[in-house]
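If you're wondering where the values come from, they're calculated on a predicted model, not measured in any experiment.
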Amino acid sequence: MAPLTLSSPEVQSFFVHSAILALKVLCVGVLTIINRMIRKVFSNPEDAKLFRGNVKYDDLNVERIRRAHLNDLENIPVFWVLGALYLTTGPISTLAIMLFRVYTVCRIIHTIVYAVIPMPQPTRAIAFAIPVLIKWYLGIQVVLYYITAV
(Lines give C-alpha, C1' and ligand atoms only; values in the text may rest on other atoms or scores of the structure.)
Protein backbone atom coordinates (compact mmCIF):
# COMPACT_ATOMS: atom_id res chain seq x y z
CA MET A 1 0.00 0.00 0.00
CA ALA A 2 1.29 3.44 -0.95
CA PRO A 3 1.42 5.94 1.89
CA LEU A 4 -1.62 8.17 2.21
CA THR A 5 -0.71 11.75 1.31
CA LEU A 6 -2.71 14.92 0.84
CA SER A 7 -1.52 15.04 -2.76
CA SER A 8 -2.99 11.60 -3.56
CA PRO A 9 -5.71 11.93 -6.22
CA GLU A 10 -8.19 9.90 -4.16
CA VAL A 11 -7.58 12.05 -1.06
CA GLN A 12 -8.01 15.26 -3.03
CA SER A 13 -11.15 13.85 -4.62
CA PHE A 14 -12.54 13.00 -1.18
CA PHE A 15 -11.80 16.54 0.03
CA VAL A 16 -13.44 18.16 -3.01
CA HIS A 17 -16.54 15.96 -2.85
CA SER A 18 -16.79 16.41 0.92
CA ALA A 19 -16.70 20.18 0.47
CA ILE A 20 -19.34 20.01 -2.27
CA LEU A 21 -21.57 17.95 0.01
CA ALA A 22 -21.04 20.34 2.93
CA LEU A 23 -21.97 23.29 0.71
CA LYS A 24 -25.02 21.36 -0.48
CA VAL A 25 -26.17 20.85 3.12
CA LEU A 26 -25.77 24.58 3.72
CA CYS A 27 -27.73 25.38 0.54
CA VAL A 28 -30.64 23.20 1.62
CA GLY A 29 -30.74 25.07 4.93
CA VAL A 30 -30.86 28.36 3.02
CA LEU A 31 -33.57 26.93 0.75
CA THR A 32 -35.66 26.22 3.85
CA ILE A 33 -35.24 29.83 5.03
CA ILE A 34 -36.11 31.23 1.60
CA ASN A 35 -39.26 29.12 1.42
CA ARG A 36 -40.29 30.17 4.91
CA MET A 37 -39.86 33.82 3.92
CA ILE A 38 -41.74 33.45 0.63
CA ARG A 39 -44.60 31.49 2.19
CA LYS A 40 -44.53 33.56 5.41
CA VAL A 41 -44.66 30.44 7.58
CA PHE A 42 -42.39 30.15 10.57
CA SER A 43 -41.87 27.68 13.39
CA ASN A 44 -41.31 30.33 16.06
CA PRO A 45 -43.74 33.07 17.12
CA GLU A 46 -41.01 35.72 17.31
CA ASP A 47 -40.02 35.02 13.69
CA ALA A 48 -43.63 35.14 12.55
CA LYS A 49 -44.09 38.47 14.32
CA LEU A 50 -40.87 39.97 12.92
CA PHE A 51 -41.63 38.94 9.33
CA ARG A 52 -45.41 39.41 9.56
CA GLY A 53 -46.14 35.75 8.96
CA ASN A 54 -47.82 32.86 10.68
CA VAL A 55 -46.66 30.06 12.93
CA LYS A 56 -47.24 26.89 10.98
CA TYR A 57 -45.62 23.51 11.45
CA ASP A 58 -47.15 21.66 8.54
CA ASP A 59 -46.56 23.69 5.38
CA LEU A 60 -46.09 21.03 2.71
CA ASN A 61 -43.34 22.82 0.78
CA VAL A 62 -41.31 23.86 3.81
CA GLU A 63 -41.64 20.42 5.40
CA ARG A 64 -40.52 18.67 2.21
CA ILE A 65 -37.35 20.78 2.15
CA ARG A 66 -36.80 20.21 5.87
CA ARG A 67 -37.10 16.44 5.35
CA ALA A 68 -34.54 16.61 2.53
CA HIS A 69 -32.24 18.57 4.86
CA LEU A 70 -32.73 16.04 7.65
CA ASN A 71 -31.99 13.25 5.18
CA ASP A 72 -28.69 14.97 4.33
CA LEU A 73 -27.84 15.31 8.01
CA GLU A 74 -28.53 11.62 8.55
CA ASN A 75 -26.51 10.39 5.57
CA ILE A 76 -23.67 12.71 4.59
CA PRO A 77 -21.73 12.62 7.90
CA VAL A 78 -21.67 8.81 7.67
CA PHE A 79 -20.15 9.15 4.21
CA TRP A 80 -17.48 11.48 5.59
CA VAL A 81 -16.49 8.99 8.27
CA LEU A 82 -16.56 5.91 6.05
CA GLY A 83 -14.88 7.70 3.15
CA ALA A 84 -12.02 8.89 5.35
CA LEU A 85 -11.59 5.41 6.83
CA TYR A 86 -11.76 3.86 3.37
CA LEU A 87 -8.85 6.03 2.26
CA THR A 88 -6.69 4.41 4.96
CA THR A 89 -7.15 1.00 3.29
CA GLY A 90 -5.12 1.98 0.23
CA PRO A 91 -7.98 1.72 -2.26
CA ILE A 92 -7.57 1.69 -6.01
CA SER A 93 -7.43 5.38 -6.83
CA THR A 94 -9.83 5.31 -9.79
CA LEU A 95 -12.38 3.24 -7.85
CA ALA A 96 -12.25 5.56 -4.84
CA ILE A 97 -12.62 8.65 -7.03
CA MET A 98 -15.54 7.09 -8.90
CA LEU A 99 -17.30 6.14 -5.63
CA PHE A 100 -16.87 9.66 -4.21
CA ARG A 101 -18.09 11.23 -7.46
CA VAL A 102 -21.15 8.97 -7.84
CA TYR A 103 -22.07 9.44 -4.17
CA THR A 104 -21.95 13.23 -4.53
CA VAL A 105 -23.89 13.36 -7.79
CA CYS A 106 -26.59 11.04 -6.44
CA ARG A 107 -26.98 13.08 -3.24
CA ILE A 108 -27.38 16.25 -5.33
CA ILE A 109 -29.95 14.52 -7.55
CA HIS A 110 -31.74 13.27 -4.42
CA THR A 111 -32.10 16.81 -3.10
CA ILE A 112 -33.31 18.13 -6.45
CA VAL A 113 -35.98 15.46 -6.91
CA TYR A 114 -37.00 15.61 -3.24
CA ALA A 115 -37.01 19.32 -2.42
CA VAL A 116 -36.65 21.42 -5.57
CA ILE A 117 -38.53 19.62 -8.36
CA PRO A 118 -40.42 16.72 -6.73
CA MET A 119 -40.57 13.76 -9.07
CA PRO A 120 -42.50 10.51 -8.84
CA GLN A 121 -40.88 7.42 -7.42
CA PRO A 122 -38.65 5.55 -8.07
CA THR A 123 -36.49 8.56 -8.99
CA ARG A 124 -35.86 9.63 -5.40
CA ALA A 125 -35.51 6.03 -4.21
CA ILE A 126 -32.78 5.33 -6.78
CA ALA A 127 -30.97 8.57 -5.94
CA PHE A 128 -31.13 7.53 -2.28
CA ALA A 129 -30.27 3.84 -2.71
CA ILE A 130 -27.07 4.24 -4.74
CA PRO A 131 -25.33 6.34 -2.04
CA VAL A 132 -26.54 3.89 0.63
CA LEU A 133 -24.96 1.02 -1.29
CA ILE A 134 -21.74 3.03 -1.66
CA LYS A 135 -21.62 3.65 2.11
CA TRP A 136 -22.15 -0.05 2.77
CA TYR A 137 -19.35 -0.89 0.34
CA LEU A 138 -16.98 1.59 1.98
CA GLY A 139 -17.81 0.33 5.46
CA ILE A 140 -17.47 -3.34 4.56
CA GLN A 141 -14.13 -2.69 2.84
CA VAL A 142 -12.81 -0.93 5.96
CA VAL A 143 -13.95 -3.74 8.25
CA LEU A 144 -12.53 -6.46 5.99
CA TYR A 145 -9.23 -4.63 5.61
CA TYR A 146 -8.69 -4.17 9.32
CA ILE A 147 -10.01 -7.58 10.36
CA THR A 148 -7.43 -9.23 8.12
CA ALA A 149 -4.74 -6.87 9.40
CA VAL A 150 -5.23 -8.01 13.01
Side-chain angles (χ1 to χ4, degrees), residues 1-44 47-48 51 53-54 56-146:
M1 175 174 102
L4 192 61
T5 66
L6 296 179
S7 61
S8 300
E10 61 274 20
V11 172
Q12 291 183 354
S13 176
F14 178 70
F15 289 167
V16 167
H17 290 93
S18 292
I20 290 168
L21 290 166
L23 291 170
K24 186 189 93 54
V25 170
L26 293 173
C27 285
V28 177
V30 170
L31 187 60
T32 304
I33 294 167
I34 290 169
N35 268 272
R36 283 193 182 285
M37 300 297 282
I38 289 170
R39 304 180 69 74
K40 296 211 175 280
V41 294
F42 303 94
S43 57
N44 299 302
D47 297 338
F51 297 106
N54 299 307
K56 188 174 181 186
Y57 302 109
D58 61 352
D59 182 85
L60 295 178
N61 291 338
V62 172
E63 288 307 309
R64 177 174 284 276
I65 296 166
R66 282 178 23 90
R67 287 191 308 273
H69 194 199
L70 180 60
N71 191 282
D72 280 347
L73 296 173
E74 293 169 347
N75 286 280
I76 292 173
V78 175
F79 167 76
W80 289 328
V81 170
L82 292 175
L85 293 172
Y86 178 67
L87 288 173
T88 69
T89 68
I92 298 168
S93 183
T94 54
L95 176 60
I97 292 167
M98 182 206 55
L99 290 170
F100 300 154
R101 186 175 294 150
V102 170
Y103 185 91
T104 302
V105 168
C106 285
R107 286 305 306 179
I108 291 168
I109 291 169
H110 180 267
T111 296
I112 291 168
V113 301
Y114 196 173
V116 180
I117 306 169
M119 296 185 73
Q121 290 287 24
T123 308
R124 189 176 82 238
I126 293 168
F128 177 80
I130 292 170
V132 167
L133 293 172
I134 290 172
K135 286 184 295 190
W136 273 100
Y137 175 80
L138 298 175
I140 289 168
Q141 291 303 308
V142 170
V143 169
L144 292 175
Y145 180 84
Y146 286 104

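Other residues, nucleotides and ligands contribute over 12 non-hydrogen atoms within 6.0 Å of the CH2 atom of W80.
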| request: Test L6 against Q12 for side chain to side chain contact (heavy atoms under 4.5 Å, CB included), laying out the working first. | output: CA-CA 7 Å; L6 296 179; Q12 291 183 354; 6.0 Å; no
| task | Please test D59 against R36 for side chain to side chain contact (heavy atoms under 4.5 Å, CB included), starting from the C-alpha separation and ending with a verdict. | result | CA-CA 9 Å; D59 182 85; R36 283 193 182 285; over 6 Å; no
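At a threshold of 4.5 Å between non-hydrogen side-chain atoms, the residues V113 and F128 do not count as touching. Contact check for F14 versus F79: side-chain heavy atoms found under the 4.5 Å cut-off. Between T5 and V11 there is no side-chain heavy-atom pair separated by less than 4.5 Å. In this structure, the side chains of M119 and R124 stay at 4.5 Å or more apart for every pair of heavy atoms.
The distance from atom CD1 of I108 to atom CD1 of I20, rounded to the nearest 0.5 Å, is 6.0 Å. The line from CG of L95 to OH of Y137 is 4.5 Å long, rounded to the nearest 0.5 Å. The structure places CD1 of I134 at 6.0 Å from SG of C106, a figure rounded to the nearest 0.5 Å. Going from atom CG of N61 over to atom OG1 of T32 covers 11.0 Å, rounded to the nearest 0.5 Å. The CZ atom of R107 sits 8.0 Å away from the CG atom of L21 when rounded to the nearest 0.5 Å. In this structure, the separation between CG on L133 and CG on L99 is 11.0 Å, given to the nearest 0.5 Å.
When the side-chain hydrogen bond (donor to acceptor under 3.5 Å, both in side chains) test is applied to S93, the partners found at least two apart in sequence or on another chain are E10. Remark: Q141 engages no residue in a side-chain hydrogen bond (donor to acceptor under 3.5 Å, both in side chains) (not counting sequence neighbours). For E63, the side-chain hydrogen bond (donor to acceptor under 3.5 Å, both in side chains) test picks out R66, with sequence neighbours left out. Partners of R67 by salt bridge (Lys or Arg N to Asp or Glu O under 4.0 Å), not counting sequence neighbours: none found. Checked against ring pair (Phe, Tyr, Trp, His ring centres under 6.0 Å), Y114 has the following partners two or more places apart in sequence or in another chain: H110. Residues satisfying the salt bridge (Lys or Arg N to Asp or Glu O under 4.0 Å) criterion with K24, sequence neighbours excluded, are D72.
Here the side chain of T104 pairs a donor or acceptor atom with the backbone of F100 at under 3.5 angstrom. Listed for the T89 side chain is no donor-acceptor partner under 3.5 Å among the backbone atoms of L85.
Taking both residues in full, the closest heavy atoms of L82 and G139 are given as CD2-CA, 3.7 Å, listed atom of the first, atom of the second, then distance. Here the closest non-hydrogen pair linking A68 and V28 is C-CG1, 4.5 Å.
A donor atom on one side chain and an acceptor atom on the other are not found under 3.5 Å apart for T88 and Y145.
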